[in-house]
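Presented below is the structure to which this report refers.
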Protein chains: 2
Amino acid sequence: MIQLSKKVEYGLIALRHMAIHQQGQIFTAKELANIYDVPYELLAKVLQKLARTGTISSIQGVRGGYMLIKKPSELSISRIIRIIEGEKPMIAECYVDGPDSCSIFDNCSIRRPLGKVQRNLNVLFDKMTIQEIV
Amino acid sequence: MIQLSKKVEYGLIALRHMAIHQQGQIFTAKELANIYDVPYELLAKVLQKLARTGTISSIQGVRGGYMLIKKPSELSISRIIRIIEGEKPMIAECYVDGPDSCSIFDNCSIRRPLGKVQRNLNVLFDKMTIQEIV
DNA sequence: CATAAATACGACTCTAATGGTCTTATATCG
DNA sequence: CGATATAAGACCATTAGAGTCGTATTTATG
Ligand code: SF4
Ligand code: SF4
């Protein structure tokens, strides 16, 4: 399957929401979860990851929440996936976890050729940003 | 995860193997499985799917096997994925299984924008063929 | 005709990843 | 203090992926 995970989708939805509103505005996880009917706890964890990496800032306590601090044009899909999934989107397992991750690595005849696909994917996901999905 | 499944990888490996050899040559599943150290039964099922859709022809019985009948340039990654996985590579679940497949379909703000990604993906997977991975 | 070699096909198991939930801790405003 | 919010990690259920097995069918060949 070549599909985005729910976590990534929820992250994109949240980031887009922040991007289309006034900069500096604060949104709570609960609020976002309600608007988009997304599981609160799951969204919260995604937002926490985004906060840890400096994509959004988090304000704890009463009247707290999250605030977008990066420019939408700097937030590529690629980057968001890497933050949320922990790794860049890769077409083949061995590209992520190295030679030992695939039992047929040594006999694989498509690894090199797939590099071309990977490079195109990189371009695609790198140049598509939150800016462009508002 | 944006990864090809093992079945697709095995299919690509097999098709590429046929493509780089003389046209009309017959290969058995066992033979291919041995060369690339791929699980025989799994590869066999993939080859059967490819045979059912007229991508390769199958010859039963002793001295049987599979033979490539389509031109490598006609075999796009997109097409091969569709044959083996049963559906085209789609970036979002709802694109495959419709509105009811996603609980937040009605509130989803990224579905439309993701269409752009999907179109780029289509182009990428459509124009990359077995021809280009020899 | 008997046998061996090969595809055809479906049932089955095992494992890991995903999606989702729950609990507890911590921070902060009023 | 108490309400509200993030932080973090454990936990669980479901599913999809990878792989295996068993059996039927086809067919070349001695
Ligand atoms: S070695 Fe080949 S089969 Fe294994 S993961 Fe890499 S590309 Fe896929
Ligand atoms: S509706 Fe939105 S969240 Fe649901 S699958 Fe489609 S794109 Fe993803």
Side-chain angles (χ1 to χ4, degrees), chain A residues 1-11 13-14 26-34 36-67 81 84-87 89-90 92-94 96-97 101-104, chain B residues 1-11 13-14 26-34 36-67 81 84-87 89-90 92-94 96-97 101-104:
Chain A
M1 295 253 177
I2 307 287
Q3 275 182 10
L4 299 182
S5 68
K6 287 293 175 194
K7 283 195 281 192
V8 167
E9 290 191 318
Y10 297 162
I13 289 174
I26 294 176
F27 303 90
T28 70
K30 193 176 178 183
E31 187 182 355
L32 294 169
N34 281 337
Y36 296 102
D37 194 28
V38 151
Y40 163 75
E41 294 91 346
L42 199 46
L43 176 62
K45 283 203 291 195
V46 169
L47 292 170
Q48 284 161 24
K49 279 200 178 184
L50 290 168
R52 261 179 256 144
T53 53
T55 307
I56 57 182
S57 84
S58 73
I59 298 103
Q60 294 197 359
V62 175
R63 313 226 53 175
Y66 299 94
M67 189 177 65
I81 292 178
I84 297 177
E85 305 276 30
E87 63 208 23
M90 297 280 197
E93 191 182 10
C94 64
V96 180
D97 301 321
S101 65
C102 181
S103 60
I104 67 165
Chain B
M1 294 255 178
I2 307 288
Q3 275 182 10
L4 300 182
S5 69
K6 286 294 174 193
K7 283 195 283 193
V8 168
E9 290 191 317
Y10 297 163
I13 289 174
I26 293 176
F27 303 91
T28 70
K30 192 177 179 183
E31 186 182 355
L32 293 168
N34 281 336
Y36 296 102
D37 195 27
V38 151
Y40 163 76
E41 295 91 345
L42 200 46
L43 176 62
K45 282 205 291 197
V46 169
L47 292 171
Q48 283 161 27
K49 279 200 175 180
L50 290 167
R52 261 179 256 145
T53 52
T55 307
I56 56 183
S57 84
S58 73
I59 299 104
Q60 293 197 358
V62 175
R63 313 226 52 174
Y66 299 94
M67 189 177 66
I81 292 178
I84 297 177
E85 305 277 30
E87 63 208 22
M90 298 279 199
E93 191 182 10
C94 64
V96 181
D97 301 322
S101 66
C102 182
S103 60
I104 67 165

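Labels below follow one simple rule: chain letters A, B, ... track the order of the sequence lines, proteins then strands, and each chain is numbered from 1.
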Exercise. OP1 or OP2 of D:dA7 less than 4.0 angstrom from a side-chain nitrogen or oxygen of A:Ser58, does that happen here?
Worked result: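 Checking A:Ser58 against D:dA7: at least one side-chain N or O falls below 4.0 Å of OP1 or OP2.
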Out of [options], which nucleotide sits closest to the side chain of [X]?
X       : options                : value
B:Tyr40 : D:dG19, C:dT7, C:dT21  : C:dT7
A:Thr28 : D:dT6, C:dA8, C:dG20   : D:dT6
A:Lys6  : C:dG19, D:dA7, C:dT7   : C:dG19
A:Glu41 : D:dC21, C:dG19, C:dT21 : C:dT21

For this session: Evaluate the side-chain contact (heavy atoms from CB on, under 4.5 Å) criterion for residues A:Gln3 and B:Val96: first the C-alpha distance (whole Å), next the side-chain angles of each, then the deciding distance (0.1 Å), finally the verdict.
Result: CA-CA 10 Å; A:Gln3 275 182 10; B:Val96 181; 3.9 Å; yes
Nearest whole angstrom, please: distance from the [atom2] of [N] to the [atom1] of [X].
X       : N      : atom1 : atom2 : result
A:Gln3  : C:dA17 : CD    : P     : 17 Å
A:Gln48 : C:dT24 : CD    : C1'   : 13 Å
B:Phe27 : C:dA6  : CZ    : C1'   : 16 Å
B:Leu47 : C:dC9  : CG    : P     : 13 Å
A:Ile84 : C:dG19 : CD1   : P     : 11 Å
B:Ile26 : C:dT7  : CD1   : P     : 10 Å
A:Asp97 : C:dA16 : CG    : P     : 13 Å
A:Leu42 : D:dT14 : CG    : P     : 17 Å

I'd like a table of atom pairs between the protein and nucleotides 10-13 of chain C - only N or O on both sides, under 3.5 Å - with the distance next to each one.
from, atom 1, to, atom 2, distance (Å)
C:dA11, N6, B:Lys45, NZ, 3.1

Exercise. Along nucleotides 25-30 of chain C, 5' to 3', which nucleotides get a B, which get an S, and which get a -, given that the test is a protein heavy-atom distance under 4.0 Å?
Worked result: --BBB-
Exercise. In this structure, are over 12 heavy atoms from other groups packed under 6.0 Å from A:Lys49 atom NZ?
Worked result: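 Above 12, so yes.
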Exercise. If you take all heavy atoms of A:Gly11 and A:Val46, which pair is closest and at what distance?
Worked result: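 Smallest heavy-atom distance, with atoms named: CA-CG1, 3.7 Å.
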Exercise. What are the two closest heavy atoms between A:Tyr66 and A:Ala44, and how far apart are they?
Worked result: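 Heavy-atom minimum between the residues: OH-O, 4.1 Å.
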Nearest 0.5 Å, what's the [atom1]-[atom2] distance between [X] and [Y]?
X       : Y        : atom1 : atom2 : value
B:Leu50 : B:Ser58  : CG    : OG    : 11.0 Å
B:Lys6  : B:Ile84  : NZ    : CD1   : 13.5 Å
B:Gln48 : B:Leu43  : CD    : CG    : 9.5 Å
A:Glu93 : A:Ser101 : CD    : OG    : 4.5 Å

For this session: Report the residue (B:Ala29 or B:Ser103) whose heavy-atom-nearest nucleotide on DNA chain C is the more 5′ of the two.
Result: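 It is B:Ala29, whose closest nucleotide lies nearer the 5' terminus.
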For this session: Starting from the C-alpha separation in whole Å, work towards a yes-or-no answer on side-chain contact (heavy atoms from CB on, under 4.5 Å) for B:Ile104 and A:Tyr10.
Result: CA-CA 10 Å; B:Ile104 67 165; A:Tyr10 297 162; 3.9 Å; yes
For this session: Describe the nucleic acid contact of A:Tyr10 in one word from base, sugar-phosphate, nothing, applying a heavy-atom distance below 4.0 Å.
Result: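 Here A:Tyr10 touches the backbone only, sparing every base.
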Problem set entry | Touch class at under 4.0 angstrom, heavy-atom based, for B:Ala44 against every strand present |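 Contact class for B:Ala44: none.
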For this session: Taking the side chain as every heavy atom from C-beta outward, state whether B:Leu4 and B:Ile81 have any atom pair closer than 4.5 Å.
Result: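 A side-chain contact under 4.5 Å exists here.
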